[in-house]
Undergrad: 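To start, I am sharing the structure in question, which I have written as structure tokens.
Protein chains get the first letters and strands the later ones, always in sequence-line order, with residue 1 at the start of each.
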There are 2 protein chains.
Amino acid sequence: MANEIKAELAAGKLAEYEQLSKIYDDIVKQARPRLTVEGQGKILLALTDEDHLSQRQLATRLGMSPQSTSEFVYKLVKRDLVTLTKSSKDRRVNLVNLTPTGRQEIESAAQEVPPFVRTLSDSELEQLSVLMTKITTAMYADIDAANPTLGVKFHKLFASRYLKQFKK
Amino acid sequence: MANEIKAELAAGKLAEYEQLSKIYDDIVKQARPRLTVEGQGKILLALTDEDHLSQRQLATRLGMSPQSTSEFVYKLVKRDLVTLTKSSKDRRVNLVNLTPTGRQEIESAAQEVPPFVRTLSDSELEQLSVLMTKITTAMYADIDAANPTLGVKFHKLFASRYLKQFKK
DNA sequence: AATACATAGTAAGGGTACCTGATTAAAATG
DNA sequence: CATTTTAATCAGGTACCCTTACTATGTATT
């Protein structure tokens, strides 16, 4: 069962990284205004992918309750990062629109390479990218299997965000 | 600057994994009662490493405010996972002790190998472990540099938790 | 047209993880 | 013995989420 032990070790390391990264920024604070997939950040990210969505659409493709969506949108409005406009076709729906400031906020949430990544050599970086791609691909597949609508959305969301520097 | 691009790509993949894992459990829910390094879980983890700590000690080694510590300890008491005993040496301090139930809670927070790790081959698993070890080692170093007291504590915390199956 | 039902959004209230400021009680120190 | 430091707590606040109503507005049915 050397096989199993290898899987456990790797899974453990991954989990360790996951947990460590939660506290890393707090402690080694470098004031990077990261945009996370939570709350307001989640909304902004979704709007980057496609602007002028209704709150309902946002809720659906983010897997959040409409109430939470409403809350975060309201907070973003107060921060002038989005505006709300009533749809002319259906006066019940509120379309959420990114403001220039909102767009800027997303851009400026710099995607810096953290120092700990710098410790890897060139070939190690390549290895890591390959491995992590396999892992995230499998994760997307699982998410997709559990919720076909969501999966694709998140894939697009992350692709546009984390591979941006690559597109240029 | 192919070098830089590789670093960015790897960092992006890591960030993508980090964000994806936040939503993974919600969506692909498999009811694994994970013990995270947050709030009450953080306290439990610290107590696994060393029992009968004062709230002050907990706060210090977890990098939390004493007020939050107090709050989480209180919640754990209500859940019968820890008990409080007044120190005989210093009647100001409340020692926090794990109950059998608390110990059980930690044990049962199974450290399962998530399905997406299974997609990697044997040699890939080995590679991943090596790479992640380098990364977490660098993270610990950074944390340690920022806060010498904390760093060591967390290292011990995670080592005891995520490498337990390995020690056996 | 009138009634019934479905849908977009909101209000109210709740839970968890954190934080700061102020306060109490007990210990340490001058 | 009076002052200062320390351990813990209370009060109040923010961000992220949810559930249970409830209000508009739209659509379908009678």
Side-chain angles (χ1 to χ4, degrees), chain A residues 19 21-27 29 33-46 52-79 81-97 105 109 150, chain B residues 19 22-27 29 33-46 52-79 81-97 105 150:
Chain A
Q19 300 297 316
S21 67
K22 279 187 194 170
I23 54 178
Y24 187 84
D25 287 349
D26 273 348
I27 300 171
K29 70 179 92 202
R34 295 226 301 155
L35 204 57
T36 56
V37 263
E38 284 169 343
Q40 304 176 43
K42 221 169 173 176
I43 307 271
L44 286 181
L45 244 24
H52 316 298
L53 292 168
S54 73
Q55 296 191 196
R56 208 80 199 183
Q57 286 173 308
L58 280 170
T60 310
R61 69 176 67 181
L62 293 176
M64 272 196 302
S65 72
Q67 294 85 338
S68 298
T69 308
S70 175
E71 175 186 336
F72 300 132
V73 164
Y74 179 65
K75 284 177 179 170
L76 288 169
V77 167
K78 279 204 296 187
R79 292 172 62 200
L81 301 183
V82 304
T83 55
L84 287 176
T85 48
K86 287 240 177 291
S87 162
S88 50
K89 290 175 193 164
D90 185 336
R91 263 168 308 164
R92 289 171 306 179
V93 340
N94 266 340
L95 296 175
V96 186
N97 321 286
E105 173 81 9
L150 269 178
Chain B
Q19 300 297 316
K22 279 187 193 170
I23 53 176
Y24 187 85
D25 287 349
D26 272 350
I27 299 172
K29 69 179 93 200
R34 296 225 301 155
L35 204 58
T36 57
V37 263
E38 284 168 343
Q40 305 175 42
K42 222 168 169 176
I43 308 271
L44 285 181
L45 243 23
H52 316 297
L53 292 168
S54 73
Q55 296 192 196
R56 207 80 200 180
Q57 286 172 308
L58 279 171
T60 309
R61 71 176 66 182
L62 293 177
M64 272 196 302
S65 72
Q67 292 88 333
S68 298
T69 308
S70 175
E71 175 187 337
F72 300 134
V73 165
Y74 178 65
K75 284 177 181 171
L76 288 169
V77 168
K78 280 202 298 185
R79 291 172 62 198
L81 301 182
V82 304
T83 55
L84 286 176
T85 48
K86 285 241 176 290
S87 163
S88 50
K89 292 174 191 164
D90 185 337
R91 264 169 304 165
R92 288 170 306 179
V93 339
N94 266 339
L95 296 176
V96 186
N97 323 285
E105 173 80 9
L150 268 178

Undergrad: How close do M64(A) and F72(A) get, counting heavy atoms only, and between which atoms?
TA: SD-CE1, 3.7 Å
Undergrad: Identify, between V93(B) and K89(A), the residue whose nearest nucleotide on DNA chain D lies closer to the 5' end.
TA: V93(B)
Undergrad: Check V37(A) against K42(A) and note the closest heavy-atom contact, atom names and distance.
TA: O-CD, 3.6 Å
Undergrad: Determine whether a donor-acceptor pair (one donor, one acceptor, N or O, separation below 3.5 Å) exists between the side chain of E71(A) and the base of dC16(D).
TA: no
Undergrad: Calculate the interatomic distance between Q55(A) atom CD and dT23(D) atom C1'; express it in whole Å.
TA: 15 Å
Undergrad: Think S65(A) has a side-chain N or O under 4.0 angstrom from the OP1 or OP2 of dC18(D)?
TA: yes
Undergrad: Need one value for T69(B): base, sugar-phosphate or nothing, where a base atom within 4.0 Å counts as base even if backbone is also close, heavy atoms only.
TA: nothing
Undergrad: Rounding to a whole Å, what distance do you find between R56(A):CZ and dT23(D):C1'?
TA: 13 Å
Undergrad: Which part of the nucleic acid, if any, lies within contact of Q40(A), taking any heavy atom under 4.0 Å across all strands shown: a base, the sugar-phosphate backbone alone, or nothing?
TA: sugar-phosphate
Undergrad: Indicate the atoms forming the closest heavy-atom contact of L44(A) with L81(A), along with that distance.
TA: CD1-CD1, 4.2 Å
Undergrad: Go through it in stages, so that I can follow the logic: the residues are N94(A) and K86(A), the test is side-chain contact (heavy atoms from CB on, under 4.5 Å), and I'd like the CA-CA distance, side-chain angles, deciding distance and then a yes or no.
TA: CA-CA 5 Å; N94(A) 266 340; K86(A) 287 240 177 291; 3.2 Å; yes
Undergrad: For nucleotides 3-5 of chain D, give me every protein contact, N/O to N/O, under 3.5 Å, one pair per line with atom names.
TA:
none

Undergrad: Could you tell me how far apart K86(A) (NZ) and dT23(D) (C1') are, to the nearest whole angstrom?
TA: 12 Å
Undergrad: So which heavy atom on L45(A) is nearest to which on T36(A), and how close?
TA: CD2-O, 4.3 Å
Undergrad: Sub-3.5 Å donor-acceptor pair from the side chain of S70(B) to the main-chain atoms of P66(B), do we have one?
TA: no
Undergrad: For V77(B) and T83(B), what are the C-alpha separation, side-chain angles and deciding distance, and is it a side-chain contact (heavy atoms from CB on, under 4.5 Å)?
TA: CA-CA 6 Å; V77(B) 168; T83(B) 55; over 6 Å; no
Undergrad: Would you say dT9(D) has OP1 or OP2 under 4.0 Å from some side-chain N or O of S70(B)?
TA: yes
Undergrad: Closest approach of A46(A) and L53(A), non-hydrogen atoms and distance?
TA: O-CD1, 4.2 Å
Undergrad: Using a heavy-atom cut-off of 4.0 Å to chain B, what are the terminal contacting nucleotides of DNA chain C, in 5' to 3' order?
TA: dT16(C) to dA27(C)
Undergrad: Mind calculating the distance between CD (E38(A)) and P (dT14(D)) to the nearest angstrom?
TA: 19 Å
Undergrad: With side-chain contact (heavy atoms from CB on, under 4.5 Å) as the test, would you mind laying out the steps for H52(A) and T85(A) before giving the verdict?
TA: CA-CA 9 Å; H52(A) 316 298; T85(A) 48; 6.0 Å; no
Undergrad: For R91(B), report the nucleic acid contact type (base, sugar-phosphate, nothing); a contact means any heavy atom under 4.0 Å.
TA: sugar-phosphate
Undergrad: Taking CD from Q67(B) and P from dT14(D), how many angstroms apart are they, rounded to a whole number?
TA: 17 Å
